[in-house]
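Down below is the structure, laid out as structure tokens.
Each chain gets a letter, A, B and so on, in the order its sequence line appears, and its residues count up from 1. Nothing here was measured: the structure is a model prediction, and the numbers come from that model.
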Amino acid sequence: MTPGQAPTPSDFIRDIVAQHVAEGRYPQIHTRFPPEPNGYLHIGHAKSICLNFGIAREFGGVCNLRMDDTNPAKEDVEYVDSIQEDVNWLIAGWADDRLGLKLKGKTPDKITSNGKPDFYLPPHREHAGAQSAQLLATGPDPQNTGPALEPFYASDYFGPLYEYALALIRKGKAYVCDLTPDETDEYRRQAKESPFRNRSVEENLDLFTRMKQGEFPDGHRSLRAKIDVAAPNVWMRDPLLYRIRHAEHHHTGNQWCIYPMYDFAHCLSDYLEGITHSICTLEFEVHRPLYDWILENLDLPRPRPHQYEFARLNLGYTVMSKRKLLQLVNEGLVAGWDDPRLPTISGLRRRGVTPAALRNFAYHIGITKYNGLTDVAVLEFAIREDLNRHALRRLAVLRPLKVVITNYPEGQTETLAAVNNPEDAAAGKRQIPFSRELFIERDDFMETPPPRFFRLKPGGEVRLKYAYIIQCQEVVKDAAGNIIELRCTADLDSKTGGATASRKVKGTIHWVSAAHALDIECRLYDRLFTVPEPDATGDFKQHLNPHSLEVITAKAEPSLREAQPEARYQFERLAYFALDKESTPGKLVFNRTITLKDTWAKQAQQG
RNA sequence: UGUCCGGUGGUGUAAAGGUAGCACAAGGGUCUUUGGAGCCCUUUGUCAUGGUUCGAAUCCAUGCCGGACAGCCA
């Protein structure tokens, strides 16, 4: 969907935000997108990005990008970098002016709000529009004197978070527990109080300080909220707030050996940044009472954020969990996180899917609390819709069959005008060479065709796109009986402007001039799995599609030599393609993004 | 098992007590120098049973079905 003409989406979360805006509840709407840097972003994250940035965009707000990095064991800067790149790519030209960033290295300010001590870290205000996206993607521009910006990091809040933990202890609302992990689980299951639950404030303070100082090994003590061990919601049964991890953190190094849990860190990170609407997926619904409890039990002087949940995306014929994606990558079942068969944002990008198509997809699937399975056809439609409007048309033959035009002079070449995009007159025209020897698609010829086969057959006529009507006179075979060449005659008056140009023939096929054709590598991708729900039962890997990638050498019209990485191409009558990052001038490599709809294939299949 | 959340054509989503609509998919037609795109048409739905009401997808009750959670992961 092109920016500006997109209809404004409507869903239950936007309804809530709209109501808050109407009530004037907040000076500005502030959302956030908080991935954990422990894997690459996928199309499910794209849904969330479109929601959070979309809301910021539609209601004049800001959306912070935040690394939710409270677990040093799983996180890595590689992921931080990829997340920034993917977010930047997806929102560029659409919501990049809503992107909330902060000055590099900045941590929350200790301020006074409404007469009380407070911590606060608002987005840097000076950045605007594409500049911020640029900074995010590539770091500071040497020509730009502006400050370097970076995303927010939950790990930048470890200091304030520690203070909040202390405050909870002082209020008698948190305690240090010596139970082992297994014991803790068992006690919680049985709704039993920890024997350490009623330690004095002084003892808790002492123990927690010593936890921080590194006196105890991993797992030997934890900080727990003192709520209700018999609460029906298990998350309220004295949940852990802090655990001991003697591990190096990608962002804070060796500064800490205690790390806050998600529940403690997330609500307070939202608060610190001034988030108004904290939107997450359904699995956090049962955590909401805890989210609220923590914020309510600290004396926070500014308005508290609130959490809202929506259903995560499930898409047919793929897997979405980071664990499974990581497994595919680590076991070499795909060629890295940006393998074009993966539903990762980087994979989709490499495959040739555009940000607009992804945003359009997000618009079409909507936002609800119903946990369903979205048909891949919806994604495919969104991709085709965008590519159809913008892709440049080119002629290429994937599986070549030689054709000789016997009445066309040997050695003669002429150039024919071809339309770049019938959907967009402004895309102009290009020249393509024609000569006596051509390649056509093997599929476009059948010696004994079924009824309604409108392509070339012995004695039959067909239009060569942008060129002549030809008639097949002779089928040449090798000793084994394979068709190796077709000898045809052309109606030399039938090209555009000619006497017989308007003659009606049923079929039109694509072609390339043999002498001028470029050899290009085409990577033909198909769905990664053979079943709609690979992870429904058993091992998802047993459903991998063995034919998810086929590499072929195709023959292409010479203008493709100038193919651009950011451009999209439609090889007419076949599919959309985009240049792969491994392409070089000496060896052009194209990824098939998606095939054209093929009603003939469907018809042929049905018999 | 407990807690929470859901259930509208094949799929995804609208309808805030008043004509069940949209998109994708499927089928048919039209057009076409892409069997693409476009345009037109068609099929298919409120989980069940009661209740409230002039009127229920919507409110209430019960039942049924599905999902999430029950990590010192997020």
Touch class at under 4.0 angstrom, heavy-atom based, for K506(A) against every strand present: nothing

Ring centroids of W600(A) and G35(B) base under 5.5 Å with planes under 30°: yes

Nearest to side-chain heavy atoms of R463(A), which nucleotide of G35(B), G36(B), U33(B): U33(B)

Touch class at under 4.0 angstrom, heavy-atom based, for P232(A) against every strand present: sugar-phosphate

Sugar-phosphate only, base, or nothing, as touched by I365(A) at under 4.0 Å among non-hydrogen atoms: sugar-phosphate

Candidates U33(B), A74(B), U3(B) - which lies nearest the side chain of R243(A): A74(B)

Sugar-phosphate only, base, or nothing, as touched by P422(A) at under 4.0 Å among non-hydrogen atoms: base

NZ/NE/NH1/NH2 to OD/OE distance under 4.0 Å, D270(A) and R66(A): yes

Sub-6.0 Å ring centroid separation between F571(A) and F590(A): yes

Aromatic plane relationship, Y271(A) with Y164(A) - under 30° parallel, 30 to 60° tilted, over 60° perpendicular: perpendicular

Nucleotide nearest Y262(A) (side chain, heavy atoms from C-beta), chosen from A74(B), G35(B), A23(B): A74(B)

W235(A) six-ring face occupied by R188(A) cation (under 6.0 Å, within 45°): yes

Sugar-phosphate, base or nothing in reach of E572(A), heavy atoms under 4.0 Å: base

Minimum side-chain heavy-atom gap R243(A)-R221(A) below 4.5 Å: no

Contact check, side chains of F264(A) and Y242(A), non-hydrogen atoms, under 4.5 Å: yes

Spacing of the C1' atoms in A15(B) and A23(B) (rounded, Å): 15 Å

Touch class at under 4.0 angstrom, heavy-atom based, for D185(A) against every strand present: sugar-phosphate

U58(B) versus U52(B) - spacing of their C1' atoms, nearest Å: 13 Å

Proximal nucleotide (of C69(B), G12(B), C73(B)) relative to the V286(A) side chain: C69(B)

Base-pairing mate for C69(B) - Watson-Crick or G-U, with both contacts under 3.5 Å: G2(B)

Sugar-phosphate, base or nothing in reach of F284(A), heavy atoms under 4.0 Å: base

Which nucleotide in U34(B), U8(B), C73(B) has an atom nearest any side-chain atom of N71(A): C73(B)

Inter-nucleotide P distance (G21(B), U46(B)), Å rounded: 13 Å

Touch class at under 4.0 angstrom, heavy-atom based, for I469(A) against every strand present: nothing

Sugar-phosphate only, base, or nothing, as touched by S502(A) at under 4.0 Å among non-hydrogen atoms: nothing

Polar side-chain contact R573(A)-U34(B) base: donor and acceptor under 3.5 Å: no

Sugar-phosphate, base or nothing in reach of R188(A), heavy atoms under 4.0 Å: sugar-phosphate

Nearest-neighbour nucleotide for the K504(A) side chain, G35(B), U3(B), U33(B) considered: U33(B)

Sub-6.0 Å ring centroid separation between F434(A) and W511(A): yes

Q570(A), nearest nucleotide to its side chain (from A74(B), U34(B), C24(B)): U34(B)

Under-3.5 Å donor-acceptor pair between H287(A) side chain and A68(B) base: no

Inter-nucleotide C1' distance (A25(B), U43(B)), Å rounded: 12 Å

Syn or anti conformation of G36(B), syn meaning chi within 90° of 0: anti

Shortest side-chain distance from Y370(A), nucleotide among A68(B), A37(B), G6(B): G6(B)

Closest to the H364(A) side chain, choosing from U3(B), C72(B), A23(B): A23(B)

Touch class at under 4.0 angstrom, heavy-atom based, for L179(A) against every strand present: base

Side-chain-base donor-acceptor pair under 3.5 Å for T496(A) and U33(B): yes

Side chain of L596(A) (C-beta onward), nearest among U34(B), G2(B), G35(B): U34(B)

G38(B) and G45(B), which share atom name C1', separated by this distance in whole Å: 29 Å

hbond_proxy E423(A) side chain to G36(B) base (donor-acceptor, 3.5 Å cutoff): yes

Pairwise C1' distance, U3(B) and A56(B) [rounded to whole Å]: 30 Å

Parallel, tilted or perpendicular, as decided by the 30° and 60° cut-offs, for the rings of W337(A) and Y40(A): parallel

